Amino acid sequence: MAFDFRLPDVGEGLHEGTLVEWLVAVGEDVALDQPFARIETDKAVVDLPAPRAARVTQLHFSPGDLIEVGQVMISFSGDAPATRDGPAADAAAAPTGNGTSDSAAPARPPSVAALEDSDPRSFLATPHTRALARKLGVALAQVRPSGRGGRITDEDVERAAQQPVAATRPTTATPAAPSAVTAPPRAVPQVIGEEREERQPLSHLRRVIANAMAHSKRTAAHVTHVDEADVTDLLAIQKRACQHIETKGGPKLTLLPYFIKAAASALIDHPLLNASYDEDAQEIVYKHHRHIGVAVDTADGLVVPVIRHADQKDLLTIASELADIAERARRRQLTLDELKGATFTLSSLGPLGGAFATPIIHHPELAIVGLHAIKDRPAVVDGQVLPRKTMFISCSYDHRIIDGAVAARFMHDFLEMVQKPDLLMLRL
Amino acid sequence: MPIIEVNHFTTRRLQILDPSGVVDEQLMPDLGDEALVGLLCSMLRMRTFDEKALNLQRQGRIGTFGSLRGQEAAQAGLTLNLIDEDWLVPSIREQGVLEGRGLPMHLYYSFCKGDERASQIPDGLNATPQSIPIASQLLHAAGLGMALKLRNEEAAAVGFAGDGATSEGDFHEALNFAGVFGAQTLFYIQNNGWAISVPFSQQTAAETIAQKAFAYGFEGMQVDGNDVLAVYVASRDALDHVRSGKGPYLIEALTYRMESHTTADDHTRYRPAAEVEAWRARDPISRMRTFLSRQGLWDEQQEAELVAKVSAEVEAEVEALEAMPRPPATDIFDYMFAELPATLIEQRQQLIAESRNGK
């Protein structure tokens, strides 16, 4: 029988943990007590071992995600769970008691009769809230929780008391609402009163992004330099190479590896754009390596995995790494380490890239390049107006450290390699 | 009046089996092959039960747990000398001794689930419940040692504590009381170097814990707590001394806690990794294994068979643990007071009202 593993309190009185990495993949078999994930809590980084031999069927979070104690983090198929204390030992009610629960069993009782019979302890609420619910004649099962970790608050109870559903309150029950009697209450769309908005707590990733962006905007003196690049020749080269490589079963070769290579090469000659600023020490930190962060759009939000030593890698290697990163980002298997250590960042939205934008510097780096949409535009070539493939490239830099001329010289060299691939070849 | 030397003390430290697995033939106890192998087996048992507890905690099946890893010799060497009439007064890291004396491990595991029934020690085992407050149990050990003396019984009360407990007032009161009244108490201090994050260097200005016994009028000695043979010899002699009514005794077993204080702690934040690695080289199990292998008494196959056998026992104990009926929630009120104070009576009733299980 399948079972879910809920994040237990692996310390003492913990509420949450951050997933550091998965040690298993979907479809993989785990042995009894084999570690399957690494979790970082306020206390420590710990490995979580499998409660029994089973096969992984689903990973519910990605590395970097914040998981609350009691949330299902991984699902297995395999043997039935070990002997349990009985139905009262719902992990939601007692997350430190049992880390596992049957996913085969319905999450919530299917009828109101069952709801009234259901164990009130399987809902999270303080004694005060429970007393209030009794006073107002509200069944906890009928209440939509808004508190941390699915906790039912006093306000939730009061709101529920004002609702006309009330199938569990015979005094106000109306036969005109039969659907509310048979449907599980949590499945009923929650349109409460005249409210036309709803609130959604930020995911861990969103919180990280929000803090990072706000911090960068608050501290760095952003200036954005924009220039136009003619990439007609580069596109022609990439197209030929792409066809050649794909017939040989190689990785998908987009333009991105060329831009990564060009940026990493230009940074060799412009070390200040590859540096960071140590605000506490008021020191510029020059890096002797060029690790290029690549901003990637995922279903969960923006992540910035890193291509390490990009200046020393060939285009094929960079293309393979990008393909691997994209695949593992989709499978939520990127590790935290892979998202750290960039010295410079490239942001690309591909065809969605718009005319140009003003990227925010990836703190504590000092510069970021934005790659925008390639379009057919008229360009003057040798005195003639011709249709060419062109794009705008933006570069935001921290004017506290980098002066305009320094950034302009970097952009000049970077664009020259992008526009004249024969110059880029000198760096390969 | 001239200055005269009133007295003079010498603190001894015993080691028989060194970290490389070589024994001092002069000091070697007269133990048969079976008993020697038994000491290794009992240490391996402790470690297997301990590793499972860590996994159970990480799976959310038990709560906070303190590993004894690294202290197996300090517990196995003593356990071999214990007799049914002795009283065990444990702190929180004595699961090895308790297991060795027959406490079913599912009861120990259930203690880590906060189950009050775990403190109901089975008949036939003279042990008090684990004591969470630091050093308070040493007063109980002094009292039990007094009782044994008054009843003229040839037995000892063994009070367990760690290095941190020696800074508590209770430690000094217990030693003083035992010394004055000649209690049949062995104070067994496992100095594992760290009281959570406080290193031994900050625990006392004295060079040893053993020497503190002299101030209270009885003898103490140090022993290499990772040397199961030295622990065996030192505790055998100390228990003989105590049981025969010659007064209390203190043993300081020098050992090392290889894991964090408990699962609610992260020792890497305060302990140098090099120190932990240095102690790994002094592992109590590997040195005994080396010695027995050289004697032709132990090999890999024997060890694999033993670990498989113990692992099966461990899984059976886990099954027994999870087959235990859920304790009533009111247990949290029912064992502390003979007569419950009014405020707690009220809380207890409220709990019953809110919990169908609170009968």
Side-chain angles (χ1 to χ4, degrees), chain A residues 5-14 17 32-52 69-70 73 81-89 91 93-101 117-122 125-131 133-134 140, chain B residues 48 51-67 106 110 112-115 132 196-197 259-271 311-312 314-329 346-347 349-358:
Chain A
F5 186 94
R6 293 167 190 270
L7 178 65
D9 177 359
V10 291
E12 196 173 74
L14 295 178
L32 170 66
D33 292 331
Q34 178 187 328
F36 62 80
R38 193 159 288 156
I39 290 281
E40 180 168 16
T41 69
D42 294 344
K43 303 273 189 183
V45 176
V46 298
D47 286 351
L48 299 181
R52 67 189 72 95
V69 168
M73 57 182 294
T83 318
R84 302 196 22 221
D85 298 351
T96 56
N98 273 280
T100 59
S101 68
D117 278 350
S118 71
D119 191 336
R121 283 173 303 120
S122 61
T126 62
H128 182 269
T129 306
R130 288 169 193 276
R134 274 197 305 279
L140 290 179
Chain B
T48 309
E51 283 170 351
K52 185 66 188 186
L54 196 60
N55 283 329
L56 291 173
Q57 200 277 341
R58 301 292 189 230
Q59 290 158 355
R61 294 155 86 184
I62 63 172
T64 303
F65 150 75
S67 167
H106 69 267
S110 76
C112 304
K113 283 179 84 170
D115 192 330
I132 304 292
I196 308 189
S197 57
E259 291 282 341
S260 292
H261 171 69
T262 66
T263 47
D265 173 42
D266 177 8
H267 70 92
T268 63
R269 295 192 188 186
Y270 53 81
R271 280 204 307 207
S311 296
V314 168
E315 292 307 320
E317 290 295 329
V318 172
E319 267 183 46
L321 167 77
E322 298 193 330
M324 285 174 77
R326 196 182 168 88
E346 199 180 313
Q347 286 183 26
Q349 281 165 346
Q350 191 183 349
L351 179 69
I352 291 169
E354 289 176 8
S355 157
R356 290 188 311 178
N357 198 33

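In what follows, chains are A, B, ... by sequence order, proteins preceding strands, each numbered from 1. It should be emphasised that the depicted structure is a prediction, and the values quoted were computed from it without experimental measurement. When reading the values below, keep in mind they use all heavy atoms of this one structure, side chains included, and skip hydrogens, waters and symmetry mates.
Closest approach of A:Pro8 and B:Gly60 over heavy atoms only: CB-CA, 3.1 Å. A:Thr41 and B:Arg269 get closest at one heavy-atom pair: O-NH2, 4.4 Å.
Looking at heavy atoms from C-beta onward, A:Ile39 lies out of side-chain contact with B:Arg58 at the 4.5 angstrom threshold. You'll find the side chain of A:Pro49 reaches within 4.5 Å of the side chain of B:Gln59, heavy atoms only.
With hydrogens and angles disregarded, no donor-acceptor distance shorter than 3.5 Å links the side chain of B:Glu354 to the backbone of A:Arg130. Under a 3.5 Å cut-off, the side chain of B:Gln57 and the backbone N or O of A:Val10 do form a donor-acceptor pair.
Rounding to the nearest 0.5 Å places CG of B:Leu56 at 7.0 Å from CG of A:Asp33. Distance check: A:Asp9 CG to B:Thr263 OG1 gives 8.5 Å after rounding to the nearest 0.5 Å. Note that CD of A:Gln34 is 11.0 Å distant from CG of B:Asn55, once rounded to the nearest 0.5 Å.
Open room surrounds CD on B:Glu346; 12 or fewer heavy atoms of other groups in view lie less than 6.0 Å from it.
Residues meeting the ring-ring contact (aromatic ring centres under 6.0 Å, His included) test with A:Phe36, sequence neighbours left out: A:Phe5, A:Phe76. Contacts of B:Thr48 classified as side chain to side chain donor-acceptor pair (under 3.5 Å), with partners at least two apart in sequence or in another chain: none.
Using a 4.5 Å cut-off between heavy atoms, B:Glu51 does not touch chain A at all. Looking at A:Leu32, the atoms closer than 4.5 Å to chain B (heavy atoms on both sides) all sit in the side chain, from C-beta outward.
Between chain B and the residues A:Leu14, A:Leu48, A:Val46, A:Asp47, the largest count of heavy-atom pairs under 4.5 Å involves A:Val46. The candidate from A:Ala50, A:Gly13, A:Pro35 with the greatest count of non-hydrogen atom pairs under 4.5 Å with chain B is A:Ala50.
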